[in-house]
Amino acid sequence: MGRITLENVSKIFGSNHAEAVDLISRGKRKAEVAEACGAVVGLCDISFDVREGEILILMGLSGSGKSTLLRCMNRLVEPTVGRILVDDVDVTRLGRKELLAFRQKTFGMVFQHFALLPNRTILSNVGFGLEIKNVPVKQRTDAAMQAIELVGLKGWESKYPHELSGGMQQRAGLARALAADADILLMDEAFSALDPLIRRDMQAELRELQRKLKKTIVFVSHDLDEAVALGGRIVLMKDGEVVQIGQPEEVVARPATEYVRRFVEHIDLAAVMRAEQVADRAAIVLSPTDTVAEARLRTAAGGSDGWLVADQDGRFVGRVRAERLANARVGDTVSGLLDLDPGVVSAGTRLDAVLGQVADGGAVAVVAEDGRLIGPITSRDIVRALAARPNAHHDHSPTQTKPAGAERWTGTSQNSPSTRSATTPSTGSPNMAVG
Ligand SMILES: Nc1ncnc2c1ncn2[C@@H]1O[C@H](COP(=O)(O)OP(=O)(O)OP(=O)(O)O)[C@@H](O)[C@H]1O
Ligand SMILES: [Mg+2]
């Protein structure tokens with residue numbers, strides 16, 4: 001449970017709904033609609049899927065429509081047109097009573113200023129949602145205690161909200177959403193009021209919880225570093241439209257528009273890029289059955305202090321140092337010359353984590369989950385990748401500057417890279433879980 005599908009969702013505020021919807025269907029956008037009929041376009045023809053079990057981060061400048069979109073998902077805000085499905089349930093067709101029940105069962109919500117009830121204990125606050133649903137005392141106390149433990153508040157359950165710090169109160173808010181055991185969590189700037197250090201902790205914890213509980217989480221944030229820390233796909237919004245969807249490293253490598261490029265230009269590339277994006281896929285790779293003579297021939301151009309070795313199925317076997325190859329007997333094979341301790345990282349390792357391993361000058365091998373060698377990384381590869389911050393529009397045709405919907409942009413991850421180096425797409429798992 002937990003897949004959310006948005007189909008051509010628009011939200012109009014103010015008057016002239018019908019006219020505004022008609023204008024949108026004819027390709028007009030926020031500014032044009034406002035000029036033509038005075039209506040405020042909150043959301044403009046939005047279509048995409050939230051995958052079951054992912055953390056999806058809605059980002060964009062203030063007023064871009066993040067909160068409106070989040071609240072449309074459980075109809076706290078009523079979409080003007082369009083369909084919203086949760087798994088096979090068409091949320092937009094539910095009657096009032098069904099909607100309330102469905103919302104309670106399926107969605108947990110956490111906001112920036114999470115209002116705990118001041119005259120109730122933490123335990124009672126966390127169990128509040130279950131109380132409304134008439135869950136028996138014993139059962140709801142158990143569920144609440146479990147959630148309290150999950151967020152690290154055990155021992156504080158009988159305190160009152162004013163006895164807790166802001167960060168702890170926010171944890172209690174998260175526990176309240178978790179206690180109801182809903183499949184989907186909607187979180188709007190949930191950590192924005194917290195101190196930077198506590199905020200980091202909460203981000204790491206949410207990511208950990210997500211791994212354990214496998215909930216679908218939609219998280220609104222202004223903060224790109226937060227999006228990177230949470231480690232999910234990013235949806236970039238502007239003027240009520242979705243401009244781009246993708247993993248942070250994809251968005252950074254290939255921003256769909258100038259707006260996106262400017263949004264991500266201060267991102268710490270080393271924290272978002274993955275080893276597989278930087279690995280040198282064109283590097284010479286030796287085979288364990290190569291003779292020394294063959295290996296010397298193949299590496300005659302030199303330029304490296306060693307070479308990686310993979311078997312005939314492409315699986316990584318080890319590394320041969322140039323010096324060792326130079327001093328070996330001609331009749332030996334490469335398999336007898338392997339280093340005992342070659343540096344290896346998995347494809348999804350963050351670049352900042354790779355940095356430490358290449359610092360001593362050698363190359364590390366980047367290896368896919370199935371053991372296949374992707375290629376080596378040297379410190380030079382990393383410097384090159386970090387220096388190659390891309391410019392917008394470099395591989396978009398002029399006819400594509402105005403996205404009609406999200407689908408077109410979700411496809412960017414499948415584009416071929418124009419060069420090897422920083423723009424190499426991630427071909428591995430769509431998640432960032434490896435890092
Ligand atoms: N209840 C409302 N009535 C009228 N206009 C609204 C209403 N709610 C939102 N809007 C408009 O819809 C647009 C999107 O607002 P929304 O609150 O979704 O933005 P946001 O991206 O969440 O911004 P922020 O980062 O400041 O929270 C804005 O133009 C806003 O003025
Ligand atoms: Mg908002």
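Reckoned from all heavy atoms, side chains included, excluding hydrogens, waters and symmetry mates. Whatever order the structure lists ligands and atoms in, that order sets their numbers, starting from 1.
In this structure, atom 23 (O) of ligand 1 lies nearest to the protein heavy atom Gly63 N, 2.8 Å. For atom 25 (O) of ligand 1, the closest non-hydrogen atom on the protein side is Lys66 NZ, 2.8 Å. Among protein heavy atoms, the minimum distance from atom 16 (P) of ligand 1 is reached at Thr68 OG1, 3.5 Å. At the shortest separation from atom 27 (O) of ligand 1 among protein heavy atoms lies Ser67 OG, 3.9 Å. Protein heavy atom at the shortest distance from atom 10 (N) of ligand 1 is Phe13 CE1, 3.3 Å. Of all protein heavy atoms, the one lying nearest to atom 24 (P) of ligand 1 is Ser62 OG, 3.6 Å.
Taking a 4.0 Å cut-off on heavy atoms, Leu61 registers as neighbouring ligand 1. Not a single heavy atom of Gly60 sits under 4.0 Å from any atom of ligand 1. Contact annotation: Lys11 has no heavy atom less than 4.0 Å from any atom of ligand 1.
At a heavy-atom cutoff of 4.0 Å, ligand 1 is contacted by the side chain of Lys30 but not by its backbone. Contacts between His222 and ligand 1 below 4.0 angstrom, taking non-hydrogen atoms only, involve the side chain exclusively.
The number of heavy-atom neighbours closer than 6.0 Å to NZ of Lys154, taken from other residues, nucleotides and ligands shown, is 12 or below. For Glu52, the CD atom counts as densely surrounded, since its 6.0 Å shell holds more than 12 non-hydrogen atoms of other residues, nucleotides or ligands. The neighbour count for Arg200 CZ, taken as heavy atoms of other residues, nucleotides or ligands under 6.0 Å away, does not exceed 12. By the 6.0 Å contact criterion, CD on Glu78 is enclosed, its count of non-hydrogen atoms from other residues, nucleotides or ligands being greater than 12. No more than 12 heavy atoms of other residues, nucleotides or ligands lie within 6.0 Å of CG in Asp88, so this atom counts as exposed by the packing criterion.
A salt bridge links Arg83 to Asp90: one of the charged nitrogens lies within less than 4.0 Å of a carboxylate oxygen. Between Asp181 and Lys215, at least one side-chain N (NZ, or NE/NH1/NH2) sits under 4.0 Å from a carboxylate O, which counts as a salt bridge. Taking 4.0 Å as the cut-off between side-chain N and carboxylate O, Asp370 and Arg315 do not count as a salt-bridged pair.
At a 3.5 angstrom cut-off on N or O pairs, Gly65 counts as close to ligand 1. Remark: ligand 1 and Val40 share no N or O pair separated by less than 3.5 Å (distance only, no angle test).
Considering every non-hydrogen atom in both Ala39 and Ile12, the closest pair reads CB-CG2, 3.6 Å. Across all their heavy atoms, Arg171 and Asp201 have their closest contact at NH2-CB, 4.2 Å.
In this structure, the side chains of Asn125 and Pro161 come closer than 4.5 Å at one or more pairs of heavy atoms. Put simply, the side chain of Arg233 does not reach to within 4.5 Å of the side chain of Ile57, judged on heavy atoms.
Glu249 and Gln277 share no donor-acceptor pair across their side chains, judged by distance under 3.5 Å alone.
Within the protein, the N, O or S atoms lying under 2.8 Å from the Mg ion (ligand 2) are Ser67 OG.
Taking a distance limit of 4.0 Å, we find that atom 30 (C) of ligand 1 is approached by no protein heavy atom.
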